[in-house]
Structures are given as structure tokens and as C-alpha cells.
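Report on the structure given below.
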Amino acid sequence: MRYLIVAEAYRDLERLSSRLALTERLAALLAQTPADLLPTVCYLCQGLIAPEFAGVDLGMAEKLAVRAVASTTGTSAEQVAALVRETGDLGQAAERLLTSPATEPAGLTAGLEVGEVVRTLREIAAAEGAGSQGRKLELLAGLLARATPVEACYLLRLVTRNLRLGIGTPTVLDALAQVHAGGKAGKKVLERGYNICCDLGKVAATLVSGGLAAVEGLRVQPGNPVRVMLAQRLADAGEILARLGGQCAAEYKYDGVRVQAHRTADGRIELFTRRLEEISDQFPDVVELLAAGLGPSEAILEGEVVAYDAAAGELRPFGEVMLRRRKHGIDQAVQDVPVGLFCFELLYADGEDLTMLPYPRRRAALEAALTLSPRLRLTTAAEVTDPAVLDATFAQAVTDGCEGLVCKSTGPDSGYQAGARGWQWIKLKRDYRTELSDTADLVIVGAFAGRGRRAGVYGAVLLAAYDADADVFRAVTKCGAGFTDADLAALPARLAPLQSPHKPARVDARQEPDVWFEPGLVVEILSAELTLSPNYTAAWGQIRDDAGLAMRFPRFTGRWRDDKAADDATTTRELAELFLNARRTPAGG
DNA sequence: TATGGCTGCCC
DNA sequence: ATTCTGC
DNA sequence: GCAGAATGGGCAGCCATA
């Protein structure tokens with residue numbers, strides 16, 4: 001099958017926006033795909049070359065791809081990068097370069113085969129060791145040299161993991177159902193199949209070879225990760241309870257790494273992250289905890305791995321558990337950063353799929369399946385029916401060092417919805433509630449060119465706090481979330497008078513924005529918390545010698561502080577105080 | 001051998 | 001992770 | 001309300017290069 005067929009389908013998809021039309025066009029592509037290539041084309045439509053949990057990393061992304069484009073088109077990497085900045089899309093930039101008369105010796109571009117595209121990308125993924133970057137570059141450049149401009153465009157978007165077609169896995173499932181399962185009716189079955197095996201190619205192959213019945217026959221199986229259930233967000237206790245039918249189980253939301261632990265029939269224990277990465281090697285202590293404390297001979301359970309001082313009963317911040325995400329020096333790291341596993345779900349036990357059971361029964365089964373120990377624990381949970389009690393529970397959770405609560409439905413609808421972000425689980429976090437959150441009024445000192453749908457406007461801004469002692473503005477975060485299209489459209493005009501050809505004298509930042517601005521425009525920024533930062537210079541040295549402050553999950557609140565001048569902005573001293581107060585009293589007032 | 005850029009993956 | 005937008 | 005696509009900080013690993 002020619003890759004051009006796929007690329008042209010992509011081109012059509014990109015121009016559509018109605019979901020029905022997208023599904024229709026995708027179905028047409030799948031319908032003309034030979035059965036043996038169907039799994040591959042499904043992966044390609046997901047922006048993958050293998051199932052997520054296969055662990056295939058290209059080790060190549062935009063920067064290397066830019067060099068490959070430069071090499072193929074006989075331009076410089078700087079020129080390609082400039083075009084990327086202008087168009088907001090490497091695929092488009094390459095397509096333009098390949099189409100220009102200077103580089104196109106007409107007719108020489110025979111085009112690619114789907115098979116060779118995938119084979120070559122796998123070869124790129126496999127390349128490692130000295131000289132591997134050059135090899136990856138060569139391989140991609142080789143493909144590009146024979147690709148038509150449209151093929152090059154989507155090949156590059158595939159490599160940069162940014163297909164931008166307006167379709168995701170749910171739409172591919174829709175299309176698959178339409179083509180091979182006799183219409184929309186099959187969608188639910190396919191969805192379920194995908195959610196429990198996490199392999200769209202396998203679902204497609206199963207469907208084609210054995211029909212819908214075969215897909216229905218796919219089973220949850222220890223050793224094969226299940227797509228995790230996700231939570232909605234809400235800021236108000238009353239609303240949450242209303243959504244959950246007046247009653248919920250409020251569980252502490254720990255700030256760590258979510259893991260899905262599998263014990264297979266042979267007794268091995270494997271840990272997967274929420275994005276299906278295998279991380280058993282990084283947490284041998286967690287594997288041991290489960291080996292000792294997990295009853296069922298086969299099981300799938302979920303919990304949060306949290307840096308945890310068991311002796312003090314103290315939950316440690318997120319950053320500490322991240323130090324455990326390493327490949328080398330694990331033994332030392334295990335000693336340096338002790339962790340606990342706080343369990344909250346049991347999906348499978350002793351041959352039985354529990355995902356259809358309502359939450360209370362799963363929780364009971366979880367409790368029965370575990371022999372708890374100081375580091376192997378259950379999440380703190382409470383049945384709640386009163387908004388005031390929910391608020392109090394929330395406050396306690398934050399005081400105890402948690403992010404907040406996950407409020408879970410206890411009703412008949414409370415099965416484990418693999419892969420779904422439904423309303424059976426609702427998150428309540430401190431920063432969702434403006435009155436409890438720390439906002440800062442920060443000064444825009446720079447901006448970055450937008451990508452994709454933000455091409456042509458700024459995609460993010462560089463923000464600084466005011467160091468009143470030095471009369472300098474020190475960078476504290478970038479921010480691109482929270483801006484509406486209208487906000488973004490308005491930004492260039494607001495900032496134009498402040499634009500500077502170089503970093504302004506009163507700005508202290510290590511980042512290199514595409515455009516600098518004299519401090520003048522102030523915006524309100526909300527964040528989950530302040531963190532120590534090796535990259536941002538706000539309050540540098542005030543808390544720790546070699547660190548400044550940055551923001552976790554920054555977003556624009558929508559409030560332009562036109563009433564404030566730059567030196568009325570939040571000061572670095574105030575940020576330092578906020579940081580220190582947050583550490584002493586997690587409840588924050 | 002040390003450093004820095006890039007990548008991938010946690011949140 | 002959070003947030004916005006088109007359907 | 002779903003699905004998709006914008007965007008954040010920061011760490012470790014790997015490779016290229018000074």
C-alpha cells in the first residue's frame with residue numbers, strides 16, 4: 001500500500017472538522033486498507049508505529065527532524081527552524097521547502113510504501129550508541145528524499161508526535177466499527193476491547209479475523225496493562241455530591257506516580273505507569289511490598305507510589321518520588337528516597353475480572369486482597385453525604401500532604417471505566433478553588449511563537465516577578481494555558497509597544513523567548529504550587545543557594561491587570577513567603 | 001572527561 | 001498536568 | 001459533554017562535542 005494513500009487521507013481529515021465527516025473519511029481509508037496492513041494503518045492513525053506499551057521510542061523528535069529536513073532540502077537547520085516558527089508546523093515547513101521549484105527535480109519523488117515507512121521508523125527507534133543520531137538522521141532523510149511533499153508533511157508530524165488531524169483513538173474506533181463491525185453498534189465492543197488490551201492493532205486484527213464476537217472475547221489479563229480510569233474536575237463540594245447522587249467515597253489524592261501492578265500466573269509482579277510504561281525495575285521495593293502483601297495469585301491493582309517517610313508518617317513532595325524514576329543506581333535511590341504504595345483499586349483477582357463490579361465491592365475486595373504494612377497501605381477514604389463534611393475531609397487531606405480528593409461514585413454505575421474520564425470519579429484540588437489558591441500578578445517579559453492552531457500568534461509568554469530590592473524582573477514561569485483565542489489575538493497589539501530587540505536590561509531570565517518585552521503588561525496567573533527551580537531565577541538563592549522558584553501547572557486566569565504597573569507585580573519576596581508558608585501549613589488558610 | 005542539547009515521560 | 005473550542 | 005489540541009515544570013538517560 002502506498003503511503004500516499006494514507007497521507008492524502010490525512011490531508012482530507014485535516015481540512016474537516018465535523019466528527020461525522022471525519023469518521024466517514026477515516027472509514028474510507030480503512031476500507032481501502034488491505035487486511036494485513038490494517039493494524040499498521042491503525043497505529044499510524046494514532047500517531048504510533050506500535051502499541052503504546054511496546055516501548056518503541058524513536059529517540060528522535062523535532063530538533064533532529066529539522067536537521068533531516070535541512071539535509072534533504074539542501075537548506076540549513078536555522079532556515080528550517082525559522083520556517084517552523086513562521087508556519088507553526090514542521091510538516092508544513094518541509095512540504096513548502098520540498099514543493100519550491102529550487103528543490104524539486106520534478107518526478108523524481110516516487111513516493112513511499114506504508115511498509116517501508118514503518119520499517120524505517122522502527123530502524124530509527126532501534127538505532128543506539130555512538131553515531132546513532134547521525135544514523136537516525138540519515139534514515140529519516142532517506143525517506144524524505146523519496147517522499148512526495150504531502151507524504152513528507154505527515155511523516156514529519158508522525159516523527160514529532162503531532163499529527164494534528166482532529167482524530168484520536170475514539171474516532172479510529174468509530175471508523176473501524178463502521179467498516180468492519182457493521183456500523184456504530186459495534187463501537188462499544190471495540191472500545192471495551194481496546195481499553196482492556198491497549199493495542200488498537202490487535203483489536204483491528206481480531207475484528208477482521210474473528211468478527212465482533214472475537215473482540216468481545218478479549219479478556220482482561222494480568223501482564224497486559226489496562227487503560228486507566230480518569231477523573232473529571234470540579235471545584236465545589238456541593239456540585240460534586242450532586243453529580244454523584246448525593247453520596248460519594250472521598251479518597252485522598254496522593255501526589256506521586258500512579259501505578260498499575262500486575263501479578264501474573266507465574267508469580268511475577270510488573271508495574272506499569274498510567275501511560276503503560278513498564279517501571280518495575282525502578283521500584284524493586286514496591287515489587288517486594290506487593291510480593292509480600294498481595295494475596296491473590298493473579299491480580300491487577302492500582303495505587304499511587306509516593307515518597308513517604310513511614311516512621312514519621314509523612315508524605316513527601318512529588319519531586320522526591322521522581323528521583324526514583326531512574327535506570328542506574330537504583331539501590332542507592334531506594335535508600336535515599338523511600339516510598340510507599342497507597343492502593344485504591346483492584347481490577348482483577350484470581351481469575352476474575354472485577355472491573356464491572358460497583359466501587360464498594362471492588363474496594364472491599366481490595367481490602368481483602370492485601371495484608372497491609374507500614375509502606376503498603378490503602379488510600380484514606382471516607383463515605384460522605386454532606387458538602388460541609390466533604391470540605392472538611394478535603395482540608396484534612398491537604399493538611400496531611402495530599403493534593404486533594406478523588407470523589408468516587410458508590411452507585412450501581414460505579415464500575416471501573418477503563419480509559420474513560422467519566423463523572424464516576426471527580427477530582428477536587430486546592431488550586432481549582434480560586435479563593436483557596438495562590439495567584440500571582442506577573443509581568444510578561446517575553447513570548448514564544450505558537451504552533452498548530454496557534455500559528456501566527458504567541459503560543460505562550462515568559463513571566464517574571466518583581467525583585468524590588470534590585471529593581472529587576474526575574475523569570476518564574478512560562479504560561480500558555482488559560483488564554484482564549486481572543487486573548488491570544490489581542491496579545492500582539494498589547495505587547496507591540498513594549499517589544500525589544502534584545503533582553504531588556506531589567507529582565508533576568510535564562511530562557512530564550514522568540515520576542516522580548518520591556519516589563520509593562522501584568523497578568524494574573526494561577527498555579528498549583530511553587531516549586532524550587534534550577535531554571536528560573538525568581539527569588540534565586542533566597543530559599544536555597546542554587547535554586548529559584550517556578551510554578552507547577554501555571555495558567556492565565558483571564559484577568560488582565562491593566563490596573564497594575566510592572567513594579568506593582570507580585571514580588572519575588574512575596575513568592576518566597578508563599579513558598580515557605582505552603583510548606584509549613586499545607587492547608588494554606 | 002565534563003558539559004550541554006535533546007528526548008521521553010512523570011505530573 | 002490545565003484549559004479552550006468545535007461539534 | 002466529548003474529543004482533540006494547545007500549553008506548563010522538571011528529571012534522567014543518551015549522545016555529541018568541547
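Just so we're on the same page: letters track the sequence lines, and every chain starts at 1.
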Could you please name the option among [options] that lies closest to any side-chain atom of [X]?
{"X": "A:R453", "options": "C:dT5, D:dG9, C:dA1", "result": "C:dT5"}
{"X": "A:R19", "options": "D:dG9, C:dT2, D:dA3", "result": "D:dA3"}
{"X": "A:T531", "options": "D:dG9, B:dC10, D:dT7", "result": "D:dG9"}
{"X": "A:W423", "options": "B:dC11, D:dG1, B:dG8", "result": "D:dG1"}
{"X": "A:P554", "options": "D:dG8, C:dT5, D:dA6", "result": "D:dG8"}

(message) Among A:V6, A:L29, A:T171, which residue satisfies the side-chain contact (heavy atoms from CB on, under 4.5 Å) criterion with A:C45?
(response)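 Among A:V6, A:L29, A:T171, the one meeting side-chain contact (heavy atoms from CB on, under 4.5 Å) with A:C45 is A:L29.
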(request) Say whether A:Y10 and A:R157, considering side chains only, have a donor N or O and an acceptor N or O under 3.5 Å apart. (result)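 Not at all, the side chains of A:Y10 and A:R157 share no donor-acceptor pair under 3.5 Å.
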Over how many whole Å does the gap from [X] atom [atom1] to [N] atom [atom2] extend?
{"X": "A:E278", "N": "B:dC9", "atom1": "CD", "atom2": "C1'", "answer": "15 Å"}
{"X": "A:R552", "N": "B:dC10", "atom1": "CZ", "atom2": "C1'", "answer": "10 Å"}
{"X": "A:F553", "N": "C:dC4", "atom1": "CZ", "atom2": "P", "answer": "16 Å"}
{"X": "A:M551", "N": "B:dC11", "atom1": "CE", "atom2": "C1'", "answer": "17 Å"}
{"X": "A:L271", "N": "B:dC10", "atom1": "CG", "atom2": "C1'", "answer": "15 Å"}
{"X": "A:E529", "N": "C:dT2", "atom1": "CD", "atom2": "P", "answer": "12 Å"}
{"X": "A:E304", "N": "B:dC10", "atom1": "CD", "atom2": "C1'", "answer": "10 Å"}
{"X": "A:K478", "N": "D:dA6", "atom1": "NZ", "atom2": "P", "answer": "16 Å"}

Hey, is the main chain of [Y] close enough, under 3.5 Å, to the side chain of [X] for a donor-acceptor pair?
{"X": "A:R510", "Y": "A:P534", "value": "yes"}
{"X": "A:D57", "Y": "A:G59", "value": "no"}
{"X": "A:E524", "Y": "A:T557", "value": "no"}

Within the pair [X] and [N], is there a side-chain N or O less than 4.0 Å away from OP1 or OP2?
{"X": "A:R555", "N": "C:dT3", "value": "yes"}
{"X": "A:N162", "N": "D:dA5", "value": "no"}
{"X": "A:K429", "N": "C:dA1", "value": "no"}
{"X": "A:S18", "N": "C:dC7", "value": "no"}
{"X": "A:S527", "N": "D:dG8", "value": "no"}
{"X": "A:Y536", "N": "D:dG10", "value": "no"}
{"X": "A:T477", "N": "D:dG8", "value": "no"}
{"X": "A:R275", "N": "B:dG8", "value": "no"}

(request) Could you pick out which residue, A:P534 or A:R421, lies toward the 5' side of DNA chain D when each is mapped onto its nearest nucleotide? (result) A:R421
Regarding [X], tell me which of base, sugar-phosphate or nothing describes its non-hydrogen contacts under 4.0 Å with the strands shown.
{"X": "A:R510", "result": "nothing"}
{"X": "A:K136", "result": "nothing"}
{"X": "A:G450", "result": "sugar-phosphate"}
{"X": "A:R233", "result": "base"}
{"X": "A:F483", "result": "sugar-phosphate"}
{"X": "A:Q232", "result": "sugar-phosphate"}

(message) For A:E123, I'd like to know if atom CD has over 12 heavy atoms of other residues, nucleotides or ligands within 6.0 Å.
(response)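 Above 12, so yes.
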(message) For A:D546, I'd like to know if atom CG has over 12 heavy atoms of other residues, nucleotides or ligands within 6.0 Å.
(response)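 Correct, the count exceeds 12.
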(message) Can you classify the ring geometry of A:F556 versus A:F483 as parallel (below 30°), tilted (30 to 60°) or perpendicular (above 60°)?
(response) parallel
(message) Which label fits A:Y254 and A:F342: parallel for a plane angle under 30°, tilted from 30 to 60°, or perpendicular past 60°?
(response)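 Taking A:F342 first and then A:Y254, their aromatic rings lie parallel (interplane angle under 30°).
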(request) Please list residues of residues 163-174 of chain A whose heavy atoms come under 4.0 Å from any atom in DNA chain B, ordered by number; otherwise none. (result)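 Hits under 4.0 Å, by residue number: none.
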(request) Report yes or no: is the cationic atom of A:R552 (NZ for Lys, CZ for Arg) closer than 6.0 Å to the six-membered ring centre of A:F318, at no more than 45° off its axis? (result) yes
(request) Answer yes or no for A:K478 and A:F448: cation-pi contact, defined as NZ/CZ to six-membered ring centre under 6.0 Å and angle to ring axis within 45°. (result)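 Yes.
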(request) Hey, could you give me each pair passing ring-ring contact (aromatic ring centres under 6.0 Å, His included) that has a residue in residues 529-553 of chain A? Not counting sequence neighbours. (result)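 Those involving residues 529-553 of chain A do not exist here.
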(message) Protein within reach of the bases, or only the backbone? For nucleotides 12-18 of chain D, mark each nucleotide 5' to 3' as B, S or -, using heavy atoms under 4.0 Å.
(response) SSSSS--
